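One structure is given here, and the rest of the page talks about it.
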Amino acid sequence: MVEPVPESISFPSEEEKILRFWQDKDCFQECLKQSKNRPRYTFYDGPPFATGLPHYGHILAGTIKDIVTRFAHQSGFHVDRRFGWDCHGLPVEYEIDKTLGIKGPDDVAKMGIAQYNKECRNIVMRYSNEWETSVRRMGRWIDFKNDYKTLYPWFMETVWWVFKQLYDKGLVYRGVKVMPYSTACNTPLSNFESNQNYKDVQDPSVIVTFPLVDDQNVALIAWTTTPWTLPSNLALCVNPELLYVKVKDNSTEKTYIMMEARLGALFKSENEYTMLDNFLVVSSVWLLLRSPPHYPILHVLLSLQCGEKGAFQVVMDNYVKEEEGTGVVHQAPYFGADDYRVCTEYNIIQRDQAPICPVDASGCFTSEVTDFAGQYVKDADKNIIKWLKENGRLVNASSYKHNYPFCWRSDTPLIYKAVPSWFVRVEHMAGKLLENNGKCYWVPEFVREKRFGNWLRDARDWAISRNRYWGTPIPLWISDDLEEVVCVGSIAELEELTGVKVTDLHRESIDILTIPSRCGKGVLRRVTEVFDCWFESGSMPYAQVHYPFENRKDFEDTFPADFIAEGIDQTRGWFYTLLVLSTALFGKPPFKNVIVNGLVLASDGQKMSKRKKNYPDPGLIVQNYGADALRLYLINSPVVRAENLRFKEEGVRDVLKDVFLPWYNAYRFLVQNVQRLKKEEEILFLYNENTTKQSDNIMDKWIQSFTQSLIQFFKAEMDAYRLYTVVPRLVKFVDMLTNWYVRTNRRRLKGESGTEDCLWALETLFSVLFSMCRLMAPFTPFITEMMYQNLRHLIDPASVDEKDTSSIHYLMLPQVRESLIDKRIESAVSQMQSVIELGRVIRDRKTLPVKYPLKEVVVIHQDPESLKDIQALQKYILEELNVRQLTLSTDKDKYGIRLRAEPDHMVLGKRLKGAFKAVTTSIKELKSEQLETFQKTGSIIVDGHELHEEDLRLMYTFNQNSDSAAQYEAHSDAQVHTTQNESTIIYWIENINSVQIQTTKMSPSGHLVPSDEISVYYHCQPEGEYLDSVIRAHTDFILATTKAPLLPFPVPGTASVIIQEKTQVYLEKSRINISPAAIQIQFKLIISSKGVALLENPKGDNRLDVDMLKRVCTSIFGTNNSQLKIFKLNSKTDLQTLSGKTLSVISDSSSPGPIPTSDAILCPYVNLLLCNAQPAECQTGEVGTLLLVNPVGQNALDYPGLLSETAKVFGLRSRWLKLYLDQDLTQGKVKGLVYIILTLISTRNPLKSFSNGIIHLIFPFVAHHLVNCSRGQHRIVSNRHESQ
């Protein structure tokens, strides 16, 4: 039996319950058992290190993997999901070095490798429990029991096998190479490792002299940011194609040779130097440089090894650039890749000779550098600069900011250092790597072509060895003279060669094993290096199944993997090593599909840092909002498109508010009405897709069609791994379901339109919710499971195909029911939604809440078929917008609608720069016809610049000279243009709606559900027959809404009051009353529109009867005259007797009851006195009234309008009239035409300042009669004014 759904919910608490449910039922393993006979879907999980806690990057990647593998299971595949652990390498060793204070190899030697590795083994799984807890709490289903660890002997054995395949193919060699070197970790790093952690740093910048041997007064000057490399200098390098000069420094009288283009690096102006000579390097004879005399021991060493081979000469290469330095680069071949290459080409050094490197494994100078022996090279910079200055070799010293690589593990600066390493040849197979990469499907695609493709094109041989201890040992045994080499590819082979039983492959177990030489060279010993941990993770596809020693057929049947996923940083890490090894071993890619996510940054855009504490703890986020909310927030963000995400906690909170709560409320509403149906109608609701009849209701058809279209889209996009298109559509679907379908069908779902219609609506809602849960299950596994565990009781058992349906994650995806898809209905509802949304925008713009009805909404569309669709859904538009009338039209000119354009400031500003301001002005002056052409063609020329769709924003507005501009407000989208008439007509039934809204809003606070039986008591203040009569007139309506009788107070003493609430209902009535000078009628409408009608004007003329009064009301408020009713008034009523009375004016047959009177004058007015002329057009009255605004707040008169309307009152021509204030005339200021300008009402005077005053009308050519006439009239008008 379906359980009641509580009003409120704690999503984190519900998730904990679901976790226990999954654990009790062992749901993940059961899921695997159910699918074991299905086709295989292969997934590789990249192994993380367990030496640190999981962060948002891990959570993001894990969520993507979980979503895709859950979807694969739902699509009918068997998906093995094994968790892996990266257990070797720098991350582990660095932690031990910090803990034990180990500074270098000597410290490890004292401790012993066995003890050191034991310490490493002890911390490998330090945080494994936390990892497992975190991964499970995030809802990810993955196998921890059947995991793989890179320290397992069987895993390490496969790594040996991989290496032996490469060795046998001739892809492994030993060489010396200048590589990024971590002095903190005492080991070289691969190029892709060194690219993972660049920082902006300030380094010393020095310019140093190198005097010529034959003329020590002339020196080449070289620039460097690594002074510590100067003791190892062997040559200088210049560019053979650029011009060099000999100049004299006018301040020091010293002569330098440098690149002409770099003179500005040393001299601020031409006055600071004297040009002595200029020349091209290739045409000059260069002599040996004088060797630096300040390092005698090193100098002796270098002279012995390199002096005879041409050291201390000037060499040439194009890598010297003219953008920085002096154009002369000092060469330290064992500390720079270009230096090593150039010096090798000039035979200054040999590739096979031992490196001349006076820096030890910890980055400290050796004893050869006597002055700085034992100093860390970076720390020695300042002492070397001091020495250079003291010995006259320093030309200039400053600092230089640049981007520099840091160790990804220790976060210390790297140096470049030549070290002997074992390499895998990669450069020769760059073309094959690109070919295999092209066979992989990347999401997003640009990563394959750009970031990863560019990296592959420049691929370098891969240094796979590390001079470390805790790792898989490289299985090479060599003779002392390095001539004899044996590569071991398995444990069995090692046991055979050594005669020793082997159970572990770490250094402490096999370093002591020797292999007898087959060439009579004694015994072979293993090389000391271990594999780079990236070599191990790249071997993971084979090693996790112990290939080829076990599972050979299973592996070969499922390789390459169907899917992998990691962050964009792995394009130079795991993705790369997987591809290199797979290409080298099998000639094909290791995976078919890959999703690449971006990086999750702190809210300020910085890298998340534990030290800075600039991000919320993931555990607390899950604790407060739940894992589903975090999952959906991450997946519905740019990070799934390989862009970066600035993590914001409020984004997770918004998922709850905008997605989960509306979704939950729709689910709750369904269950409530299913239970109500059982209670009231004794009908047990069971859903059977096979027997359900299709509803005739257009909204039912729409949501069913929309759902099936979504399923169709969902499958296509998920098959293409485009999560970034799927999730927004799923989120939009929640909005469609809750804010459109449920909202517009609440009464049907409550049974107000009959049982049959209710069942159709309930079946539709259940079907949609059930489909939605299955679609959302991979993304939000908790909330879907929670809903399903209740909804499954409403499914007819006869309709279930699956054997076990106890979890939603056992179910397959819903099949697309194409017969339900009706694109015409979807389009029609979409048009309806556009109209409603545009109407809401207009209401918001004019601050008119939906509860205030409007007269008319006009919809303009160029397509008549679209208008027919809108017409078919008219009732929903009228109800949602609360308007009386819907008008459809294709003629926007009729309503004065025109196009106007606004520039996109960001786009055009960047492109046009200085011309932007002028072009912007021209854009705003474009005519509607020009913009309509632009709409069709997509381009337009403005001030000589061609603009396109992305440059302009088009908007519809009213022609300000049209009548519509005052009556309507407009808004539009790309197709539909909507206007709303702001004339407000209120129906009494709308007031009842307001009352009922207030009443039913009490239910949530009383924790009531629709099936609860209640009674509602009411009491009105002030007491009277008005509201009572309204309630009695609409008893049926109220009962249908509240499902309870509405009874008068008091509440019986035996009754239990659940909730009591007091609210104010604003029911303002139209009022009529009499106002000064001419008889006026004043209106105050229910919302805010208030107006005044004159019963006669001027005094004694143009008297109104009842029919004329109705027409006046219609004119003022824009109402329909045929529906207008004025209470307390009939055709025989003498309007003159209503002076000072108040009447109700409505457009409905309802009785409003009595309305209090008021003498307050609503509209500002002026009284008029015609002084020196007679009224025309058969009128006799000389006293009248003009309203300065009517209705209130609208149609305000300016000075020309006042003059024109005054003339109309007396039937005169306005050009003969002049207007004067009463006080100006009575004070005798006007004595002739010359004084008229002093008293004329200026167009600059606000007319409201004359409100309720007297204005005199004068014909100038009889102004000499003015004083006497005005005084007499003033008394008459004043007396009348005082009497009223």
Side-chain angles (χ1 to χ4, degrees), residues 32-33 35-47 65 68-69 72-73 75-84 142-143 146-150 152-172 424 426 429 432-442 464 472 475 487-493 505 531 534-566 574-594 719 721:
L32 295 176
K33 289 178 185 177
S35 64
K36 63 182 179 181
N37 295 322
R38 298 177 188 165
R40 297 282 295 277
Y41 181 91
T42 312
F43 157 68
Y44 294 158
D45 191 24
K65 297 170 186 177
V68 173
T69 52
H73 172 83
S75 300
F77 291 95
H78 175 78
V79 190
D80 280 322
R81 285 157 270 183
R82 299 177 62 196
F83 201 82
I142 194 163
D143 194 344
N146 187 30
D147 66 355
Y148 71 87
K149 294 183 176 71
T150 59
Y152 288 156
W154 52 263
F155 189 100
M156 298 168 71
E157 184 179 26
T158 294
V159 174
W160 276 17
W161 174 85
V162 171
F163 179 76
K164 184 173 176 62
Q165 304 308 302
L166 301 178
Y167 183 85
D168 290 346
K169 292 182 178 185
L171 298 180
V172 176
V424 171
V426 176
M429 59 179 178
K432 187 64 176 177
L433 291 174
L434 287 167
E435 179 186 338
N436 283 339
N437 181 45
K439 297 175 182 178
C440 302
Y441 177 73
W442 288 75
I464 60 169
T472 300
C487 181
V488 179
S490 69
I491 293 176
E493 185 181 0
L505 295 182
F531 282 112
W534 290 102
F535 189 89
E536 293 179 309
S537 60
S539 303
M540 163 261 161
Y542 333 106
Q544 71 166 343
V545 293
H546 198 204
Y547 179 84
F549 309 101
E550 296 181 81
N551 307 304
R552 191 180 191 104
K553 186 177 187 306
D554 283 348
F555 169 77
E556 291 173 355
D557 288 345
T558 58
F559 182 81
D562 291 294
F563 167 67
I564 66 170
E566 291 295 341
W574 191 50
F575 298 150
Y576 177 71
T577 61
L578 282 174
L579 184 62
V580 168
L581 293 181
S582 175
T583 301
L585 293 175
F586 304 107
K588 59 183 179 181
F591 50 83
K592 300 174 185 176
N593 305 285
V594 55
D719 284 340
Y721 296 89

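Quick caveat: nothing in here was measured; it's all calculated off a predicted structure. The analysis underlying the following values was restricted to heavy atoms, covering all of them including side chains, and did not include hydrogens, waters or symmetry mates.
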Are more than 12 heavy atoms, taken from residues, nucleotides or ligands other than Lys169, located less than 6.0 Å from that residue's NZ atom? yes
Go through it in stages, so that I can follow the logic: the residues are Met429 and Val580, the test is side-chain contact (heavy atoms from CB on, under 4.5 Å), and I'd like the CA-CA distance, side-chain angles, deciding distance and then a yes or no. CA-CA 9 Å; Met429 59 179 178; Val580 168; 3.8 Å; yes
Partner of Ile564 by side-chain contact (heavy atoms from CB on, under 4.5 Å), out of Val594, Thr42, Val68: Val594
If I compare all heavy atoms of [X] with all of [Y], which pair ends up nearest, and what's the gap?
X: Phe559; Y: Pro541; result: CE1-CB, 4.4 Å
X: Leu505; Y: Pro153; result: CD1-O, 3.9 Å
X: Val79; Y: Ala72; result: CG2-CB, 3.7 Å
X: Tyr542; Y: Ser582; result: OH-CA, 3.4 Å
X: Ser539; Y: Leu581; result: OG-CD1, 3.5 Å
X: Leu579; Y: Pro589; result: CD1-CA, 4.2 Å

Considering only heavy atoms from C-beta outward, does the side chain of [X] approach that of [Y] to under 4.5 Å?
X: Tyr44; Y: Gln544; result: yes
X: Phe549; Y: Ser490; result: yes
X: Phe77; Y: Arg38; result: no
X: Asp143; Y: Asn146; result: yes
X: Glu566; Y: Lys65; result: yes
X: Met156; Y: Phe531; result: no
X: Leu32; Y: Arg81; result: yes

Give the ring-plane orientation class for Trp154 versus Tyr152, where under 30° counts as parallel, over 60° as perpendicular and anything between as tilted. tilted
Are side-chain N/O atoms of [X] and [Y] paired as donor and acceptor at under 3.5 Å?
X: Glu556; Y: Tyr547; result: yes
X: Glu536; Y: Thr472; result: yes
X: Asn593; Y: Trp442; result: no

Under the 3.5 angstrom rule, does the side chain of Lys164 hit a backbone N or O of Cys487 as a donor-acceptor pair? yes
Backbone N/O of Ile491 and side chain of Glu157: donor-acceptor pair under 3.5 Å: yes
Do the ring centers of Tyr576 and Trp534 come within less than 6.0 Å of each other? no
Looking at Tyr148 versus Phe83, is the centre-to-centre ring distance below 6.0 Å? no
Is any NZ, NE, NH1 or NH2 atom of the basic residue among Asp45 and Arg82 found under 4.0 Å from an Asp or Glu carboxylate oxygen of the other? no
Please determine whether a side-chain nitrogen of the Lys or Arg among Lys149 and Asp147 lies less than 4.0 Å from a carboxylate oxygen of the Asp or Glu. yes
Measure the spacing between [atom1] of [X] and [atom2] of [Y] and express it to the nearest 0.5 Å.
X: Thr583; Y: Lys588; atom1: OG1; atom2: NZ; result: 11.5 Å
X: Tyr41; Y: Thr558; atom1: OH; atom2: OG1; result: 13.0 Å
X: Met540; Y: Leu578; atom1: CE; atom2: CG; result: 7.5 Å

Test log, rule side-chain contact (heavy atoms from CB on, under 4.5 Å), inputs His73 and Ser35: CA-CA 8 Å; His73 172 83; Ser35 64; 3.8 Å; yes
I'd like to know whether Glu550 forms a side-chain contact (heavy atoms from CB on, under 4.5 Å) with Phe555, so could you lay out the CA-CA distance, the side-chain angles of the two residues, the decisive distance to 0.1 Å, and finally the verdict. CA-CA 9 Å; Glu550 296 181 81; Phe555 169 77; over 6 Å; no
List in chain and number order the residues that pass ring pair (Phe, Tyr, Trp, His ring centres under 6.0 Å) with Tyr721, two or more places apart in sequence or in another chain; answer none if no residue qualifies. Phe563
Ring pair (Phe, Tyr, Trp, His ring centres under 6.0 Å) against Tyr441, all qualifying residues, sequence neighbours excluded: none
Just one of Asp80, Asp562, Asp557 clears the salt bridge (Lys or Arg N to Asp or Glu O under 4.0 Å) bar with Arg40, so which one? Asp80
Could you please spell out the steps behind the side-chain contact (heavy atoms from CB on, under 4.5 Å) verdict for Val426 and Leu433? CA-CA 9 Å; Val426 176; Leu433 291 174; 3.8 Å; yes
